[in-house]
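Lettering of chains follows the sequences in order, A, B, ..., and the numbering in each one begins at 1.
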Protein chains: 2
Amino acid sequence: MSLRIALLGLLRASGPSSGYDLAKSFESTLNYVWQAGHSQIYPELVKMAADGLVTVEAEGARGRKVYAITPEGSAQLRGWLLEQTPSLTVRSESALQAFLLPVLDPVDAVAALERVRERYVEKVAMLETLCDEHGSKAFGRYALDHGLRHVRTTIEWVDDTIATISRDIGHGGSCDENVAD
Amino acid sequence: MSLRIALLGLLRASGPSSGYDLAKSFESTLNYVWQAGHSQIYPELVKMAADGLVTVEAEGARGRKVYAITPEGSAQLRGWLLEQTPSLTVRSESALQAFLLPVLDPVDAVAALERVRERYVEKVAMLETLCDEHGSKAFGRYALDHGLRHVRTTIEWVDDTIATISRDIGHGGSCDENVAD
DNA sequence: TAGGGCATGTAACCCGTTACATGATTGA
DNA sequence: TCAATCATGTAACGGGTTACATGCCCTA
């Protein structure tokens with residue numbers, strides 16, 4: 001379902017596009033929220049056309065097919081956004097890693113956290129660049145803000161966790177010491 | 001891969017456990033980071049035993065099998081935590097929804113955001129309860145903290161976004177007005 | 001005319017979810 | 001003895017990723 005909604009959203013926002021365009025849009029805009037490759041997008045567009053949510057508006061060179069969203073597609077998109085209670089479950093490998101850190105001894109845990117931190121600092125830089133490029137253009141603005149805030153939150157968490165664990169090491173402590181706030 | 005690591009981590013943290021125990025642990029601790037049901041866990045444990053990462057330590061009543069992590073399993077867990085650069089891609093339906101909000105007219109967008117807000121307020125309450133229960137026990141503490149910070153960040157984002165859009169409505173503005181910071 | 005980017009598609013596989021199915025034990 | 005919970009498994013399905021495969025068009 002989410003793939004459909006994402007494609008309808010992109011078509012709404014960018015106007016008629018080919019599967020190829022949508023695949024690129026996916027990578028450049030939805031990338032850090034949802035992922036889909038062309039091998040998933042092409043068949044889905046065919047099904048969506050069969051369901052009347054999009055139409056092939058034109059066919060161009062190299063077999064290029066330009067899809068446009070139909071009123072029915074727009075209605076379905078709007079309905080989903082207004083009525084759907086999105087599941088709050090998140091699947092995040094890096095959060096899983098964070099969760100499991102306590103099974104390492106503190107020195108190893110700090111090393112692992114420092115690697116994680118580097119990655120997130122890179123990501124923040126990337127998002128800030130994107131932010132500068134897109135500026136206050138409406139589409140993607142809120143989500144970019146959303147993404148930036150989350151990455152910054154993660155970095156703060158990493159820093160605080162490193163501090164807590166380091167203090168533990170300082171105390172010569174192992175994990176069963178009670179860690180006060 | 002992640003499922004294996006998660007199971008190894010739980011076995012490390014909680015000691016020898018049955019598949020049933022691990023499924024419950026998953027739900028109560030890893031739940032908001034990674035998900036897995038018993039139908040996925042049982043076969044995986046069998047494969048892990050075949051690979052020498054765990055052993056059946058005992059068999060109890062009702063066919064209960066108690067798995068223990070082997071030194072090889074511990075080594076693999078440690079190796080993954082230290083060396084693996086976890087992918088930063090996150091799949092989040094609610095973030096996708098956030099991304100697509102600009103395709104709605106402002107009044108609808110605010111309505112959608114207010115629904116989202118409710119859900120996250122519930123979630124924060126749930127996590128705070130968990131936090132009180134688990135207290136400062138080492139395992140899960142960092143991740144719980146991680147989760148709480150992220151949910152709170154999301155609520156702040158929702159509030160600020162509602163404010164921005166509401167101001168837009170106040171100005172009688174549609175989306176193509178330039179939204180200043 | 002050769003290479004790179006445009007453009008579309010299919011197939012195999014892995015992972016995760018939902019549903020189906022079974023049986024033992026315990027406590028009311 | 002009946003219901004709930006413990007405990008394990010299998011099967012079908014859907015979604016997503018990787019890899020395979022093809023061909024057109026433009027530019028150097």
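- A distance of 9.5 Å separates CG in Leu22(B) from OG1 in Thr29(B), rounded to the nearest 0.5 Å.
- Residue pairs meeting the side-chain hydrogen bond (donor to acceptor under 3.5 Å, both in side chains) criterion with at least one partner in residues 4-15 of chain A, sequence neighbours excluded, are Arg4(A)-Glu44(A), Arg4(A)-Asp51(A).
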Distance-only donor-acceptor pairs under 3.5 Å for side chains of residues 92-101 of chain B, two or more places apart:
from	atom 1	to	atom 2	distance (Å)
Ser92(B)	OG	Ser94(B)	OG	3.3
Ser92(B)	OG	Ala95(B)	N	3.0
Glu93(B)	OE1	Ser87(A)	N	3.3
Glu93(B)	OE2	Ser2(A)	OG	3.3
Ser94(B)	OG	Tyr120(B)	OH	2.6
Gln97(B)	NE2	Leu81(A)	O	3.1
Gln97(B)	NE2	Gln84(A)	O	3.3

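- Within the structure, salt bridge (Lys or Arg N to Asp or Glu O under 4.0 Å) contacts touching residues 142-155 of chain A (residues at least two apart or in different chains) are Glu128(A)-Arg152(A), Asp145(A)-Arg149(A), Arg149(A)-Asp160(B).
- The stretch residues 72-91 of chain B participates, sequence neighbours left out, in no ring-ring contact (aromatic ring centres under 6.0 Å, His included) pair at all.
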Contact string for nucleotides 2-15 of chain C, one letter per nucleotide 5' to 3', B = base within protein heavy-atom range under 4.0 Å, S = sugar-phosphate only, - = neither, reads ---BBBBBB-----
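- A straight line from CG of Leu7(A) to P of dG16(D) spans 10 Å, rounded to a whole angstrom.
- Listed by chain and number, the residues in a salt bridge (charged side-chain N to carboxylate O under 4.0 Å, His left out) with Arg64(B) are Asp21(B) (sequence neighbours excluded).
- Whole-Å rounding puts the Glu59(A) CD to dC24(D) C1' distance at 15 Å.
- Taken residue by residue, residues 92-101 of chain B places no heavy atom nearer than 4.0 Å to DNA chain C.
- If you chain together ILVMFWY residues whose side-chain heavy atoms come under 4.5 Å of each other, Tyr20(B) ends up grouped with Tyr42(B).
- Applying the salt bridge (Lys or Arg N to Asp or Glu O under 4.0 Å) definition to pairs two or more places apart or across chains, none involves residues 22-41 of chain B.
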